[in-house]
Amino acid sequence: MAVSRSLEKIANEKADMDMTPMIDVTFLLLIFFMCTLHFKVLEGILQAHLPKDQGMQNTSAEKDPEEPITVKILTSSRDVTVVWVGSEQFEGQRKFTRLFNKIRSIVQASPNSNPPVVIDPDIDVPFQDIISTLNACRRVDETREGKKPLQVKFAAKALDDLEDEN
């Protein structure tokens, strides 16, 4: 019976665990994960210091240095080709010489930029007039030694009109 009493005594004894080391390890792990945590950076959001004023100024906007020079070639009611650059109209015998002078003056007025020339011909314009316009642009390009060549582009409006007719 002595054995059963000692077993009974052991069974009735309360088993206590010391929780202090477990709490210490838990806090150490928590501190470790907090220190090594990297938050996800949201893409597309830039850190910028923008001005907070919302004032309005009465200044006019400057002309874009790369604004294209638009050359419109139209056929008038008298079957005469008319060339427009901005609000200036050129027609007659020397229209392409005057066109050359106008484009050259615009290009020389903006020496730091290289504005492209956009040729916008009407669908009924003779092909020779388009070639003469291209030649005027080429001659302007020849007078600009040491500069990047002029970009000459065509407007797609004439092609759209042609597709609509078909």
Side-chain angles (χ1 to χ4, degrees), residues 27-166:
F27 278 118
L28 285 173
L29 285 174
L30 181 66
I31 291 171
F32 173 77
F33 287 124
M34 284 176 50
C35 290
T36 59
L37 179 68
H38 290 286
F39 291 102
K40 181 179 177 184
V41 177
L42 297 176
E43 294 180 17
I45 297 177
L46 301 175
Q47 294 179 357
H49 302 287
L50 300 175
K52 305 224 188 282
D53 322 3
Q54 294 184 359
M56 299 180 85
Q57 299 176 357
N58 291 333
T59 59
S60 62
E62 289 183 21
K63 185 177 179 183
D64 186 12
E66 293 296 322
E67 186 175 322
I69 302 167
T70 304
V71 178
K72 293 188 183 253
I73 309 172
L74 306 171
T75 305
S76 69
S77 60
R78 301 169 292 175
D79 289 334
V80 176
T81 304
V82 179
V83 180
W84 289 84
V85 176
S87 61
E88 285 192 53
Q89 174 183 355
F90 306 112
E91 60 182 318
Q93 294 292 329
R94 300 185 48 83
K95 64 182 161 217
F96 295 110
T97 304
R98 291 178 23 219
L99 173 66
F100 161 74
N101 291 332
K102 177 66 177 176
I103 293 175
R104 184 177 64 178
S105 68
I106 293 172
V107 169
Q108 287 177 347
S110 55
N112 294 335
S113 65
N114 193 19
V117 178
V118 177
I119 300 174
D120 187 6
D122 197 22
I123 196 72
D124 300 329
V125 172
F127 192 65
Q128 180 59 45
D129 292 335
I130 298 172
I131 295 298
S132 297
T133 304
L134 281 169
N135 286 338
C137 294
R138 182 183 51 79
R139 285 192 318 159
V140 168
D141 204 20
E142 289 172 357
T143 62
R144 303 175 59 214
E145 297 173 6
K147 303 267 183 158
K148 289 192 331 187
L150 271 179
Q151 298 176 15
V152 179
K153 303 175 182 178
F154 282 92
K157 183 182 131 200
L159 297 175
D160 292 340
D161 292 344
L162 185 62
E163 289 176 2
D164 290 342
E165 288 178 5
N166 294 332

Interatomic distance, Ile130 atom CD1 to Asp120 atom CG [nearest 0.5 angstrom]:
10.0 Å
Separation between CE (Met34) and CZ (Phe27), nearest 0.5 Å, reads 11.0 Å
Which pair of heavy atoms, one from [X] and one from [Y], lies closest together, and at what distance?
X      : Y      : result
Phe96  : Arg139 : O-NH2, 4.2 Å
Asp122 : Thr75  : OD2-N, 4.3 Å
Thr133 : Asp129 : OG1-O, 2.9 Å
Ile119 : Val152 : CD1-CG1, 3.6 Å

Listed partners of Arg138 passing salt bridge (charged side-chain N to carboxylate O under 4.0 Å, His left out), at least two apart
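With sequence neighbours excluded, Arg138 shows a salt bridge (charged side-chain N to carboxylate O under 4.0 Å, His left out) to Glu142, given in chain and number order.
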Among residues at least two apart in sequence or on other chains, which ones pass side chain to side chain contact (heavy atoms under 4.5 Å, CB included) with [X]?
X     : value
Ile31 : Cys35
Phe32 : Thr36
Lys95 : Thr81, Val83, Phe90
Glu91 : Arg78, Val80, Val82, Gln89

Min side-chain heavy-atom separation Val85-Ile106 under 4.5 Å
yes
Walk me through whether Ile103 and Val71 qualify under side-chain contact (heavy atoms from CB on, under 4.5 Å).
CA-CA 9 Å; Ile103 293 175; Val71 178; 4.1 Å; yes
